[in-house]
Every structure is written in C-alpha cells, then in structure tokens.
Amino acid sequence: MSPPTPSTGSPCRRPTVMVAVAAAAVLATLVTVPPAAAVPDPPRRDLRGPLPGPVSVVTPFDPPAERWLPGHRGVDLAAPPLTTIRAPAGGTVLFAGPVGGRPVLSIDHGAGLRTTYEPVRATVRAGDSVTTGDAVGHLLTGHAGCPVDSCLHWGARLASGGPSGDDDYIDPLSLLSADARPIRLKPTLPGDGLG
C-alpha cells in the first residue's frame, strides 16, 4: 500500500487561516470599545409645587423640536406678587442672582435633576442646603409673556449623561407627587350616568 498523497493547496491554506485567526485575536484585544455613557437615574416623582395651594398653570411646558429652536422650557404658574416660593424637594442652591437682567434661582436635587425659578427675589445663596418646603425666595412681577399680574417660571432639567454634557428639559409637572398634580376636569357627556 502506498502512503497517502497530500492534497494540493492544503499546506498553504492552513497557515493562512491560522495567521488570519491570530491577527483577528490580536486586533480584538487592541481595539477597545468606549464605555457606554452613564444613564442617569430616572427623575424623582415626589416633588411638591413651589407655590402654596393648587398649581395654577397659565403657560404649559412646550419644548422645542430641536435644542436650538425657541420653545417654552418650563411652566408658568400664576400667583400674587411676593408669594413665598418653596423648595419642591431637598437639594443645594446652585445659583441665585441675575441672568440677563432677570432674577433667577436654581436648585440641584441630586441624580442629575436641577430646577430653576424666575423672577425670584432669593432668600438663599449659592451653596445653601434646602429641604422640601423651605422658603427660598419671593415671586416678583415682570415675567415676559405672563398673561396675569405675576407668574413664576418653573423649569426642570435632567442631566442626559451623554458625551455632549447637555441637559434635557423636562416638564416639572411630571415630577410632582400624585397629590400635588393639577386637577384636570373632564366634561360630562350625555349617557355618562351623571345628573
């Protein structure tokens, strides 16, 4: 019996495949995938309104379709001038002072959530710690576009956790505890069994 004859091309293919597999393994160890951006915790949903009594919205949240377009990045709440503004949750005052000639207050509530208020005469300073319900300022008149005597513009931003560092504006009313949300009445229709 004669020894088996090696097939043609077989010795050349085996080293080529082995080199390709080794090269792929080395490449896989050298290429690092950047870690995924940290996803912020979902925003808390237990805030109370910053003004006494039921929330009275005169201008709703109306974010722009794109970050750079105009829109209403908060809600305007009706209240008499000099009404006491209270912290809707605990946190640290980030800023209290004028921005573009308007008196603004900003509170960091942790987990990437920040709320802002204007026009406000602040009674706190940057760095102060506040707890839920603490007085932080008084409402002033002069909010542009307010259809009543005075409005508090209340905004909320959540850190996006993305590489750009931009924050996402969110509807502050969505953060209110169930008992602090505005009541919305639905009209009755014939046949509802009422009346």
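Any value given below was found using the heavy atoms of this structure, including those in side chains, with hydrogens, waters and symmetry copies removed.
Criterion: ILVMFWY side-chain heavy atoms under 4.5 Å apart, direct or through other members. Under it, Leu113 and Val104 are not part of a common hydrophobic cluster. Linking Ile, Leu, Val, Met, Phe, Trp and Tyr residues whenever their side-chain heavy atoms come within less than 4.5 Å leaves Leu140 and Val93 in two separate clusters. Hydrophobic clustering of Ile, Leu, Val, Met, Phe, Trp and Tyr side chains at less than 4.5 Å, counting indirect connections, unites Leu176 with Leu158. Hydrophobic clustering (ILVMFWY, side-chain heavy atoms < 4.5 Å, transitive): Leu51 and Val58 are in distinct clusters. Note: the hydrophobic cluster containing Leu47 also contains Val57 (ILVMFWY, side chain heavy atoms under 4.5 Å, direct or indirect links).
Using a 4.5 Å heavy-atom threshold, the side chains of Thr59 and Cys151 count as separate. When side chains are defined from C-beta on, Leu105 does not count as touching Thr116, because their heavy atoms never get closer than 4.5 Å. Considering only heavy atoms from C-beta on, Pro119 comes within 4.5 Å of His143 through its side chain. Taking the side chain as every heavy atom from C-beta outward, His109 and Pro88 approach each other to under 4.5 Å. Between Thr141 and Asp149, the closest side-chain pair of non-hydrogen atoms is not below 4.5 Å.
In this structure, Leu152 CG and Leu77 CG are separated by 5.5 Å, a value rounded to the nearest 0.5 Å. Rounding to the nearest 0.5 angstrom, the gap separating the OG1 atom in Thr132 from the CZ atom in Arg48 is 7.5 Å. Between atom CD1 of residue Ile85 and atom CH2 of residue Trp154 there is a gap of 11.5 Å, rounded to the nearest 0.5 Å. How far CG of Leu139 is from CD of Glu118: 10.0 Å, rounded to the nearest 0.5 Å.
With sequence neighbours excluded, the residues satisfying side-chain hydrogen bond (donor to acceptor under 3.5 Å, both in side chains) with Arg114 are Asp167.
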Got a list of side-chain donor-acceptor pairs under 3.5 Å for residues 122-131, not counting sequence neighbours?
residue, atom, partner, partner atom, Å
Thr123, OG1, Val136, O, 3.2
Thr123, OG1, Gly137, N, 3.3
Asp128, OD2, Arg125, N, 2.8
Thr131, OG1, Asp134, OD1, 3.0
Thr131, OG1, Asp134, OD2, 3.1

